[in-house]
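See below for the structure under consideration.
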Amino acid sequence: MVLREVVVNSEIIEYNDISGCYILRPWAMEIWELLKEFFDAEIKKLKLKSYYFPLFITENVVQKKKDHFEGFAPEVAWVTKTGNSELEAPIAIRPTSETVMYPYFAKWIRSHRNLPLRCNQWCSVVRWECSNPIPLIRSREFLWQEGHTVFATKEESDEEVLHILELYRRIYEEFLAVPVSKGRKSEVEKFAGGLYTTSVEAFIPNTGRGIQAATSNCLGQNFAKMFEIFFEDENDPAQKKKEKNKRSLVWQNSWAYTTRSIGVMVMTHGDDKGLVLPPRVAPIQVMVIPDPLEDADMTAIKEVCETIVYTLSQAGIRADLDARENYTPEWKHSHWEMKGVPLRIEIDVKDLANKQVRVVRRDNGAKVDIPSTDLVEHVQVLLDRIQDSLFETAKQKRDACIEVVYTWDEFTAAVNDKKLILAPWCDEEEVEKDVRARTEGDLGSAKTLCAPFDQPDLVEGTVCFASGKPAKTWSFWGRSY
Ligand code: 87F
């Protein structure tokens with residue numbers, strides 16, 4: 001089933017009358033909240049504090065910081081009117097919050113005692129994309145967390161970039177069961193305002209496209225210069241003596257992941273029956289469905305079902321009962337399959353008599369009868385197995401798409417084959433631009449995804465597949481979302 005159908009049929013989203021805008025239904029919001037619970041707890045260990053900055057940006061800030069918005073300008077949405085009157089100056093809706101936050105960072109930071117400053121906010125942002133919208137993957141408004149941190153030294157900043165990137169890897173691999181590669185973005189693909197950008201990159205075998213799953217940027221001191229964010233440095237002897245104009249520029253990071261993560265998970269695991277949810281992010285992990293055969297003692301069956309849900313819930317498993325009488329068990333089976341619930345428990349009179357239940361896995365359809373007495377243990381084991389198996393399967397499929405190429409001909413053939421390409425290259429901006437131009441077509445052009453941190457050996461004398469110059473790094477290439 002294609003993404004557009006799965007997300008609607010499984011009640012993840014509903015389409016809205018504005019193109020590129022979607023209603024996130026509880027099935028999406030509960031997944032988002034589970035991810036948020038993990039991520040928030042982790043960043044609080046890193047002493048991140050919650051903030052909320054306004055949605056609106058004044059025009060003069062946008063104008064003043066043109067360089068930062070350059071290239072992004074066509075995507076910025078503006079409010080120009082209230083009621084019937086035109087605003088004196090239009091107000092932008094945040095596409096990201098650097099320009100909203102950093103003037104206040106400049107105000108709040110005076111000395112080394114104000115550092116580090118660590119700020120995170122959960123909010124939505126608006127980017128008025130004109131290319132074809134895709135639910136959760138490319139929408140005009142989306143939810144994210146944006147972390148913005150300020151340090152006295154580059155070392156602290158570098159260390160945090162990688163720590164956050166590892167949290168993003170865990171969100172994808174340990175929660176969403178989606179394999180990702182950590183790496184560094186090329187000069188063309190990095191956040192232009194920053195020093196360097198790291199990312200986790202996923203790949204969708206069915207469509208043969210790479211997708212940026214989250215980014216963690218080291219901004220260096222570029223924004224500090226633009227927004228005049230200085231501090232008095234105790235380690236600088238000149239500053240200790242309070243000499244004028246001897247303040248230091250701060251070092252900054254910014255990082256984000258978005259509701260796109262849910263879209264990547266849906267595309268990775270979905271099948272012909274609909275959504276397949278990894279247990280760790282499934283709002284309901286086990287759905288109990290009574291099977292009322294003729295003449296069955298429904299009261300007894302229901303009681304057992306309720307006890308099961310209670311017992312599983314007490315053990316910390318997210319379980320629920322579908323006791324609706326106006327739907328058949330068959331209808332319920334396909335409904336909860338469509339919604340991707342990892343395990344279904346079926347109970348009929350025979351099971352009741354045998355003191356057992358039938359457990360059915362969503363991911364592979366396997367059915368097992370389990371004695372009611374050791375249910376919790378069995379369910380726990382099954383949920384863990386499903387989680388692992390979804391990741392392993394996705395990883396095998398992704399790895400099967402990786403193609404190592406050395407020459408331009410191999411490269412273009414692999415692009416046409418929708419591969420995730422790993423190629424030696426010279427790491428030059430002009431060469432990447434040239435590759436883009438030469439591969440431009442209806443499906444878009446080939447770009448770098450990242451230079452993976454996990455580098456194969458680069459044998460002395462290896463040349464760039466595109467320019468023939470000495471290769472400096474291995475890089476992932478492919479068409480992307
Ligand atoms: C669209 C319109 C205006 C992306 C935009 O990576 C500005 C922008 O700055 C823009 N689209 N960006 C880059 C965002 C960079 C940065 N922001 C904070 C991140 C992480 C979170």
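Order of listing sets the numbers, starting from 1, for every ligand and every atom in it. The first residue of the sequence shown is numbered 1, and numbering continues consecutively from there.
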Would you say [X] and [Y] make side-chain contact, with heavy atoms under 4.5 Å?
X	Y	value
R260	I137	yes
Y257	W144	no
F203	C401	yes

Margin query: Is the ring pair W477/F411 parallel, tilted or perpendicular, if the boundaries are 30 and 60 degrees?
Written below: perpendicular
Check: Should T448 and E189 be marked as a side-chain hydrogen bond (donor to acceptor under 3.5 Å, both in side chains) after you check the CA-CA gap, both sets of side-chain angles, and the distance that decides it?
Finding: CA-CA 7 Å; T448 55; E189 289 289 330; 5.1 Å; no
Check: Taking the six-membered ring where the residue is Trp, are the ring centres of F105 and F227 under 6.0 Å apart?
Finding: no
For ligand 1, list every N/O pair with the protein closer than 3.5 Å, one pair per line with the distance.
{"from": "ligand 1", "atom 1": "6 (O)", "to": "T215", "atom 2": "OG1", "distance (Å)": "3.4"}
{"from": "ligand 1", "atom 1": "6 (O)", "to": "N217", "atom 2": "ND2", "distance (Å)": "2.9"}
{"from": "ligand 1", "atom 1": "9 (O)", "to": "H68", "atom 2": "NE2", "distance (Å)": "3.2"}
{"from": "ligand 1", "atom 1": "11 (N)", "to": "R127", "atom 2": "NE", "distance (Å)": "3.3"}
{"from": "ligand 1", "atom 1": "11 (N)", "to": "R127", "atom 2": "NH1", "distance (Å)": "3.4"}
{"from": "ligand 1", "atom 1": "17 (N)", "to": "T96", "atom 2": "OG1", "distance (Å)": "2.9"}
{"from": "ligand 1", "atom 1": "17 (N)", "to": "E98", "atom 2": "OE2", "distance (Å)": "2.7"}

